[in-house]
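Right, one structure below, let's go through it.
Numbers restart at 1 for each chain; the letters A, B, ... are given by sequence-line order, proteins then strands.
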Amino acid sequence: MLIKRPGDIKPSEITPQGIYARRRELIKSAGLLAVAGVAGIGTGPATAQTGAKLPAIRKSSLSTTEKPNSFKDITSYNNYYEFGTDKSDPAENARALKVRPWSVVVEGEVKKPRAFGIEDLLKFSLEERIYRMRCVEAWSMVIPWVGFEFNQIAKQVEPTSKAKFVEFVTAYQTDTMNGVRMPILNWPYTEGLRIDEAMHPLTILSVGLYDQMLPNQSGAPVRLVVPWKYGFKSGKSIVRIRFVEKQPKTAWESAAPQEYGFYSNVNPDVDHPRWSQKTEKRLPSFFANRKTEMFNGYADQVASLYAGMDLKKLY
Amino acid sequence: MRRLSERAIGAVKVCLFLVALAPLARLLLGVFVFPEWLGANPAEYITRSTGDWALRFLLITLAVTPLRKLSGWVWIARLRRMLGLYAFFYVVVHFASYVSFDHVFDVRAILQDVVKRPFITVGFLSLVLLLPLAATSTHGMVRRLGAQRWNGLHRLVYVIGPLAVLHFWWMVKRDLTEPIIYALVLAVLLGYRVQEKWRQARVARPVR
């Protein structure tokens with residue numbers, strides 16, 4: 001005889017991971033709120049966090065006119081290994097990421113090193129930049145980022161003549177990032193650009209997606225976006241920016257140098273050792289029938305940065 | 001449990017046939033009815049999922065003989081052909097999704113892939129090696145080949161298993177957890193056979 005027994009309910013089905021991971025914080029803030037309420041103190045305007053709407057955003061002529069992917073697609077299919085290696089992991093696990101308080105230290109070969117609080121970064125005049133995003137795994141999306149050009153940061157810290165490269169160091173929160181327990185990459189995830197690449201008007205620091213603050217799985221609260229390079233060059237959740245003289249070692253380059261070079265410009269003529277880069281799948285399409293363009297279609301703007309370079313060797 | 005009636009075996013087979021179709025049914029429902037099941041990259045989901053199931057059915061097929069010997073359930077040997085054919089079936093769907101989604105039937109690009117990229121080479125090789133096994137799966141073929149030759153031919157599965165795991169291992173970008181699990185299961189299943197051979201050789205230098 002078959003006796004039906006309801007399956008055990010896992011704790012994770014009752015309490016979302018994000019809330020569970022922040023339980024102490026939540027209890028604390030609830031307590032503070034109660035105290036404030038009793039004392040009749042206002043808590044002031046809540047700090048805008050993930051999901052909050054951004055103020056009026058300027059359009060940009062650097063945006064593509066292609067149709068952006070849905071918010072759902074962009075935020076449910078992510079590579080953010082600190083939260084797991086499956087594409088669906090970050091949407092689930094990154095809820096735990098602590099995004100406030102947040103500051104980005106800018107230092108190295110600069111005249112005026114300083115830290116930017118996330119509040120400072122949100123004061124830059126924000127633009128919408130609808131960019132193509134080509135992943136090294138041969139799929140692509142169109143994403144409406146909100147942010148500002150990286151060169152605005154540089155202007156404030158004044159790089160010296162010794163600053164030849166920029167290194168981007170991303171968040172490493174051992175208490176919220178379930179993926180960093182595994183030595184899959186060298187944590188913290190580090191990326192880098194040549195200074196002229198970083199200063200290019202297409203290179204932005206993004207703080208938003210569509211009309212809202214950047215979701216955690218997309219790299220909240222602030223991430224780099226370099227649209228003519230494979231997606232992994234655009235580091236998420238940035239905490240430190242260093243202007244340096246020597247070419248920095250990047251995470252994927254350290255992990256598999258024969259597969260991922262420092263430049264990693266989108267290039268249909270340089271295959272990944274394990275798959276062709278000639279075509280791509282524009283999600284959510286089933287078919288990889290879209291021809292990949294040199295520099296992801298931004299050749300007019302960026303090809304001159306690489307004049308005279310052998311891009312087959314410097315991939 | 002050791003012995004089942006013919007009727008019971010028939011019923012088990014029907015159940016198994018339907019259960020083994022479930023992964024395919026889920027994918028078809030995902031494509032045509034519930035797109036959210038497959039996420040933002042449905043083609044990748046289908047390729048991965050059919051590859052996973054091909055590998056799983058291959059390992060389940062390889063588990064039949066050890067399970068029969070350890071449990072004494074003679075009848076489960078009768079399920080082996082269907083399990084093996086399901087492994088082949090999911091390999092074919094897996095390959096078809098690669099051919100259509102990733103290469104949009106560009107034969108030249110596919111051949112280049114097979115030649116140039118080791119993980120595709122070994123995956124393709126396991127498909128090719130599975131063909132004669134699938135083709136000789138019928139009773140008629142067993143009779144025609146004779147038990148000894150048939151058994152010899154079907155030992156190819158001991159090559160196909162490692163090739164399939166290697167295909168997965170080399171495909172993975174960085175996180176090897178899953179391929180390691182499959183490799184361990186395969187090692188246990190093949191290791192059991194090696195150990196059995198040794199035991200037989202030691203226990204009896206028997207009358208033939």
Side-chain angles (χ1 to χ4, degrees), chain A residues 69-79 81-89 91-92 133 135-143 179 181-186 189 217 232 251-252 254-256 259-260 271-291, chain B residues 15 27-28 30-32 34-50 52 93 96-124 166-181:
Chain A
N69 280 81
S70 70
F71 184 83
K72 177 117 200 280
D73 281 353
I74 297 169
T75 56
S76 61
Y77 189 78
N78 306 94
N79 275 322
Y81 278 18
E82 286 84 337
F83 292 105
T85 52
D86 206 274
K87 295 284 189 306
S88 57
D89 287 341
E92 184 68 24
M133 208 286 291
C135 180
V136 73
E137 297 163 0
W139 53 267
S140 64
M141 291 197 191
V142 175
I143 304 181
R181 274 176 257 144
M182 298 255 290
I184 292 167
L185 294 168
N186 279 337
Y189 188 90
Q217 64 267 40
F232 70 89
W252 278 106
S254 310
E259 299 189 342
Y260 310 100
D271 282 356
H272 186 282
R274 285 179 283 153
W275 55 84
S276 159
Q277 298 289 29
K278 284 194 180 60
T279 57
E280 67 198 52
K281 217 178 275 170
R282 173 62 57 80
L283 301 184
S285 160
F286 278 78
F287 299 101
N289 55 0
R290 193 185 177 87
K291 288 228 179 319
Chain B
C15 288
L27 294 177
L28 290 175
V31 172
F32 295 108
F34 306 107
E36 67 275 12
W37 285 8
L38 307 186
N41 194 345
E44 180 192 62
Y45 193 99
I46 292 169
T47 313
R48 294 272 165 95
S49 166
T50 49
D52 284 345
V93 181
S97 66
Y98 158 79
V99 166
S100 56
F101 302 150
D102 291 345
H103 283 301
V104 204
F105 308 100
D106 182 342
V107 177
R108 248 190 62 163
I110 293 164
L111 288 177
Q112 271 177 359
D113 243 14
V114 170
V115 179
K116 254 168 78 173
R117 308 185 204 287
F119 94 97
I120 302 278
T121 316
V122 293
F124 187 73
L166 198 60
H167 169 65
F168 188 24
W169 192 292
W170 282 346
M171 183 276 290
V172 164
K173 221 163 91 173
R174 200 63 201 154
D175 182 359
L176 286 172
T177 317
E178 281 190 54
I180 288 172
I181 294 170

[X] portion near chain B, given a 4.5 angstrom heavy-atom threshold:
X	answer
A:E137	side chain
A:N79	side chain
A:K278	neither
A:D271	side chain

Can you classify the ring geometry of B:F101 versus A:F286 as parallel (below 30°), tilted (30 to 60°) or perpendicular (above 60°)? tilted
Closest contact, heavy atoms only, A:Q277 versus A:V136: NE2-O, 3.0 Å
Using a distance-only test with no angle check, is there a side-chain donor-acceptor pair under 3.5 angstrom linking A:Y77 and B:E44? yes
Assert yes or no for the condition that the ring centre distance of A:Y260 to A:W252 is strictly below 6.0 Å. yes
Is the distance between the ring centroids of A:Y189 and A:Y81 under 6.0 Å? no
Given 3.5 Å as the limit, does a donor-acceptor pair link the side chain of A:S285 with the main chain of A:K281, or not? no
So, A:R290 side chain and A:R282 main chain: donor-acceptor pair closer than 3.5 Å or not? no
Under a 4.5 Å cutoff for heavy-atom pairs, which residue among B:N41, B:V104, B:V31 has the most contacts with chain A? B:N41
Comparing B:A40, B:A43, B:S97 against chain A, the one with the most heavy-atom pairs below 4.5 Å turns out to be B:A40
Best-contacting candidate, A:S76, A:S70, A:S276, against chain B by heavy atom pairs under 4.5 angstrom: A:S276
Greatest number of non-hydrogen atom pairs under 4.5 angstrom with chain B, of A:I184, A:N289, A:D73, A:T85, falls to A:I184
Select one option (side chain, backbone, both, neither) describing which atoms of B:I46 are under 4.5 Å from chain A's heavy atoms. side chain
